[in-house]
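Heads up: the structure comes next, in structure tokens.
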Amino acid sequence: MLSRKRASFLTRSIAFAAVVGLANVAHAEETEQALDYTAMTPEALAEHLLFETNSFRLDQPVQEGGVARQRLEQDEIQRACSNIDGAAPDLETLIKVREMAEKSIVYPDKIELGDWERGREYAWSGFGFRIGHNNDDHTTREAGGNCYNCHQIGADRQGGNLGPALFNYGKNRGNSPEMLRLAYGIIYNAHAFFPCTDMPRIGYKEVLNQQQIADVLAYLFDPESPVNQE
Amino acid sequence: MKRVLHALPLAAGAIALCLGTLAHSGELQSPTAVLQDLLEKTNSLYLGQSEQNLMMMDDNPSLWTVEDGEELFHTARGPNNISLEECDFGKGPGVLKGAYIELPRYFADTKKVMDLETRLVHCMTTLQGFSSDDPEVKQRHGSDSDMMKLQTYIAAQSNGMPWDPQLDHPMAKAMLDAGEALFFRRAGTLDFSCNTCHGDTDKRIRASVLPNVNSPEEWSKAISWPAFRVGHQHTRSSQHRLRGCYWQMRQPGVIAGSEASIALLAYWTDRARGAPAILPDMKR
């Protein structure tokens, strides 16, 4: 991991130096001519293509504030979990990812179940945060959690299978405070429990807020919820 | 009648022989037959997920787009009043057969790696003299756009042939390798990379079975664009698919023909290498 990191830092520095050196060249085309793509590492070239070649609509305003560019800038966990072929990083890195994720979780004082019907809405909704040719307008509709795209949750709607099926989630586990805390943590930042998981960090990235997560927890744990009626 | 019956096995034999030779050169197989062959080989859930599409494929509306494109391609157009027959898609001016499955590739005249759409734009602007703001060039999407008509016609001349993007130039290899890094690079609101959805077999988003980049047979259909998207009722391009993926990943809108888009197309085409292209295809 160290050597990979070091290599990646080096290539980034080289790419950066090259770009800075050419900063006074007015036209992007001339910059491309001067920059030798074949001498760059794949990672350095990828970063260059992302940010320096007018390949993306980077200046578009985004729903959370700021501009689209920040969506492409990786944080530490994203970078650590981007190995070629989706391979898991080494154990040392996994432990670091897990620790960072654990520290990131903000738990409410007391975790209580919200409204399972609202929770179902959030679990089912794939609306929100899409940008580019068609921006999701959050003033017309709340963003959802996208849960059912990857999880089969209740039997009342077909879900995906990129994540595990969650039938009878509460029925099988009970409603103890420890269990609610665990589920809250997984929704907030699942890397604290499964480092480099595919699951989005729903709480950490503010896709859903505390109250909305409590509603999703109700959908998963409330005995009245269709999730627990299988 | 008796005479006809006697003659039949002979005629059938001759036809079969004929078919064999032609099928080998990738000429006579319909897109449907190419897909059927892949299905028999793999029994993949992704390849077979829409029985209805399989049934309708012989009447794929994109076949009309191919015909529209053929006419456009050979018509003198633009300020220079010239057809696209002089356009070099990598195998020499006007050579279309097998040109598409070798893209993206490096072009010495532009010193760039180009995909079909970018090369087409290049010829329309340099050869025919269109400006990049002319609707012929600017309108990239929809079965009724010149761009989709031309792309679909050109691509169809590679139906049934194995994907074989050309890597002889170091620039092509550099772009492919950068494309690989992009494919696995997690970012955005939901931390997704292309691999999140395309790294495994039989995975679904809701009911839609996703193609696996590690299966050349599945991946060949996945990248077989232009294709008629039944849900959109339009012929769609590779660039349109890529744009949709970035949108779903909650990452910034990718610009058609941009270098990052071509790097990704270089990588994704390479992953289907050797599997036969289905052109035009039909998708959900």
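Chain letters run A, B, ... following the sequence lines, proteins first and then strands; every chain starts at 1.
- Heavy-atom neighbours of chain A within the stretch residues 122-135 of chain B, taken at a separation under 4.5 angstrom, are nonexistent.
- Other residues, nucleotides and ligands contribute at most 12 non-hydrogen atoms within 6.0 Å of the CD atom of B:Q52.
- No part of B:I262 comes within reach of chain A, as not one of its non-hydrogen atoms sits under 4.5 angstrom from that chain.
- Heavy atoms of A:D85 lying under 4.5 Å from chain B belong to its backbone as well as its side chain.
- Interface summary for chain B: among A:Q158, A:H133, A:R157, the most heavy-atom pairs under 4.5 angstrom belong to A:H133.
- When the heavy atoms of residues 180-208 of chain B are compared with those of chain A, the residues falling under 4.5 Å are B:E180, B:A181, B:L182, B:F184, B:R185, B:R186, B:A187, B:G188, B:T189, B:L190, B:D191, B:F192, B:N195, B:T196, B:C197, B:D202, B:K203, B:R204, B:I205, B:R206, B:A207, listed by number.
- For A:Q229, the CD atom is densely surrounded, since the number of other residues' heavy atoms within 6.0 Å is greater than 12.
- Between chain B and the residues A:N134, A:V207, A:N135, the most heavy-atom pairs under 4.5 angstrom are made by A:N134.
- Residue-level contacts of residues 241-256 of chain B with chain A, in order of numbering, are B:R243, B:Y246, B:W247, B:Q248, B:R250, B:Q251, B:P252, B:G253, B:V254, B:I255; threshold 4.5 Å between heavy atoms.
- Note: B:M175 CE to A:L45 CG = 6.5 Å, rounded to the nearest 0.5 Å.
- In this structure, B:K173 places its NZ atom where only 12 or fewer heavy-atom neighbours from other residues, nucleotides or ligands lie under 6.0 Å away.
- Ranked by heavy-atom pairs shorter than 4.5 Å toward chain B, the options A:P200, A:S55, A:C81 are led by A:S55.
- Interface check for chain B: of the options A:D198, A:I202, A:V67, the most heavy-atom pairs under 4.5 Å are formed by A:D198.
- Contacts between residues 184-193 of chain A and chain B, defined by a heavy-atom separation under 4.5 Å, are made by A:H191.
- Annotation: the span from A:L50 atom CG to B:E259 atom CD amounts to 11.5 Å, rounded to 0.5 Å.
- Counting heavy-atom pairs closer than 4.5 Å to chain B, the top-ranked of the candidates A:D75, A:I77, A:N146 is A:N146.
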